[in-house]
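Notes follow once the structure below has been shown.
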Amino acid sequence: MNLRMNDYLQQIIADSLQQFDLEELPEIQTEAPKDSSHGDASTNVAMMLAKPLRNNPRAIAQQIIDGLNFDEKKISSVEIAGPGFINFRFAEDYLYDELQSILDAGSGFGRTDEHSGKKVLVEFVSANPTGPLTVGHGRNAVLGDTVARLLEWTGAEVDREYYFNDAGRQMRVLGQSVQARYLEKLGKAFEFPEGGYEGEYIRDIAEELSKENAELSGNTEDWKPFKEKAEEAIFADISNTLQRMNINMESFFNEHSLYADGSIDTTVEKLREKELVYDKDGAVWFKTTEFGKEQDTVLIKSTGEPTYRLPDIAYHMNKLDRGYDLCLDVFGADHIATYPDVLSGISALGYDKEKVDVVIYQFVTIVKDGQPFKMSTRKANFVTLDELMDEVGSDVTRFFFLMRSPNTHLEFDIAQAKEAGDKNPVFYLQYAHARIASILRKAEEEYSFSKEADLSLLKHDSEEGLIKTILRFPEMVAGAANAREPHRLINFLNDVASAFTGFYHDCRIIGVDEDLALARIELAKATAQVLRNGLTILGISAPENM
RNA sequence: GCGCCCGUAGCUCAACUGGAUAGAGCAAUUGCCUUCUAAGCAAUAGGUUUCAGGUUCGAGUCCUGACGGGCGUACCA
C-alpha cells in the first residue's frame, strides 16, 4: 500500500466513524494483509471498537461499511472477513494512476517529506586510529551510513561524523610500537612495549618513517612523532576503506578539541553548580543515583584523567549546540552502559534528551574456516574490511552487514561471503535489475515507442501483483528509516524481485502485441526504478549487465 | 546478584511493532534452457515459534516465572 492510499483510507474510515457517539476516535490502523486473497488493505477498527461499543465486531464492521463514502476510482470493493476485518480492494484505475506516478517520480520515487527541515547528525564508526578497519567495524560503518541514507530519503538533512580520541593510552602504545619497529629497522636496540600493536602495518609505517626521516630519537619518552605519523597513515587508510564502501564522512571530530576549548571543564563546573557532582577519594563523581542508577559514577579519576563519560557528555552537548534536531549514535551492545549517563548529564544541563537517540546492534560473530574467530587489533589477529572487499567487493560487503536486524547477532561467515555464487542473496536483487535492463535494451530494437502506452492493458494477476508491490516502496522506506532497520528494505526488495520474476515468467514482453508490450515495458521500467532506488539507499550498485 | 538483547524449519534468519493458514535463503528430493539473462523458475518435504502460566475477540510478538546463550554491570574505551 502506498502512503497516500493509507491516508485516504484512514480519512474515509474516520468519517464513517462519526456515526458512532465515540468520546475519542481509536487509532485507525490499516495494513496490507499478508495473504493477498484478503484484499489489498485491511483495517481492524471494528474489532477495536467491540469493547467500547459493546457490540460484536462483525456487526460494527457492517455499520462502518454502510457509512463508508469512497471513491470508486480508488476502491473497488469493501467486505467483512474473519473475526471483523474490513478488507479493501483497490480499483484498477487507481493502480494505473499510481504506476504512472512512479514513472513520473523516477529517481525520486520513494522520497517522502516526513522529516524535511530536520537536521540530523549520525555519528558512527568512531574507531580510534590504532589500526585498519576490520570486519568487526563493518556492521557499525554500514549500518550508520545506511540509516543516514534512509533518513535522507525521508527528507532530513543528514551529516555523518566520525568521533575519535587520539590522546589516550592506546595511542601512546601505538606510537611506542611504531618507535620500536623503527629502531629495529635501523638495527638499534629497542624494546617492544607491553601490550603493543603487533600488526604488519606497524612495520610499514616504521619503514615509511625511516625513509623520510632517519634522525628520530630512540628515547622511549619521545614516542610522539611516531604516534603522529601512525595516526596520519592509519587515518588515510581508514578513509580509503570508507570510501571504498561508499561512505563519506562530513566531519571527523577529535575528542581532544573538547579539552582544548574548555568544554570538559565547563561541563564539570555546570554539573557541580547543579550539585550533581562531588569529590570523594580524590576522584570527581557524578551522582547517577539521582537518575535511578545503583551507584554513582566516576567522571574524573584520582589521577586527574577523565573517564570516557565526561567527554561523551560534553560531546553530545557540543552536537546539540551545533543545532541538530536529532543526534544518532551507532554502537555495539557492549557500549550501551554509557548511554543512560550521557542522557542524564545533558538533560541535567538543560538539553532535550529526546534529541539524542541510539542505534544499537548486537555483536558480529566472525566465522572463519568454520570456526568462530576472535579478533584483536592489538594482537594483529583480524580480517580487514579491505581484504574482504578485495575478495567480494563492496556490494556484497554492505549487503551482508545489512541483511539482518540490528537486534540479532550476526554471523558473518567469511567463506560464505567469498563464495560469490547463489549463496549470495545480493545477486538476486542485482540480477533482477540487470535482467530488466537487458529486456529494455532488446525492446528498444523491437518497438518504435511512437505512441503512448496504455497502462490499463495490465490486467494479469502477475502484473497487478507487481504494481501493488512496487507501490509500497515509499511506505517501506519510511518504515525502515523510522525504525532504523535497513534490513526491512532488503526484505522488501526481495519481494519486488520475486514479484518481477513471477511477472517475467507469466508475461512476455517481446513478441506480444505492441500495445500490450508497450504497457509491460512501462511496468518493467517502474520496477527497475524501484530496485535502483532501493539499492541506492543501501549503497549497493544496480548493474545493467551481469 | 542486577540490567539489556536473544531463543522461530537441519543451518542462517524474516514476520511491516497485537492480526487471518508463521515465511525466505542455504542444505535435501523432483522437474524445467531451439522463445526477453538458468546468478533463474515450478513443485515436494521440513514447525507444539525453548518450556509453563497469564492478559484478550486474537500472542512468535505484551506480562510473570523457569531453562539456555550473548553483552554489560570498572577510578578500561
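Numbered from 1 within each chain, the chains take letters A, B, ... in sequence-line order.
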Donor-acceptor pair present, [X] side chain and [N] base, under 3.5 Å:
X      : N     : result
A:R435 : B:C36 : no
A:H487 : B:A14 : no
A:D35  : B:A22 : no
A:Y431 : B:A39 : no
A:S42  : B:A20 : yes
A:T307 : B:C75 : no

**Request:** State whether A:K442 places a side-chain N or O below 4.0 Å from either non-bridging phosphate oxygen (OP1 or OP2) of B:U35.
**Result:** no
**Prompt:** OP1 or OP2 of B:C6 less than 4.0 angstrom from a side-chain nitrogen or oxygen of A:N407, does that happen here?
**Reply:** yes
**Message:** Pairing check on B:U64: which nucleotide meets the Watson-Crick or G-U wobble criteria with it, both distances under 3.5 Å?
**Reply:** B:A52
**Message:** Under 3.5 Å for both donor-acceptor distances, Watson-Crick or wobble: does B:C11 have a partner, and if so which one?
**Reply:** B:G25
**Request:** Compare the minimum distances between each of B:A77, B:G19, B:A20 and the side chain of A:N44, then state the nucleotide with the smallest one.
**Result:** B:G19
**Complete:** Value for OG1 (A:T130) from CG (A:L174), rounded to nearest 0.5 Å, stands at 6.5 Å
**Prompt:** Got A:F85 and A:M47 here, is their nearest side-chain heavy-atom distance under 4.5 Å?
**Reply:** yes
**Asked** Judged by modelled atom types alone, do A:N381 and A:S376 share a side-chain donor-acceptor pair under 3.5 Å?
**Response** no
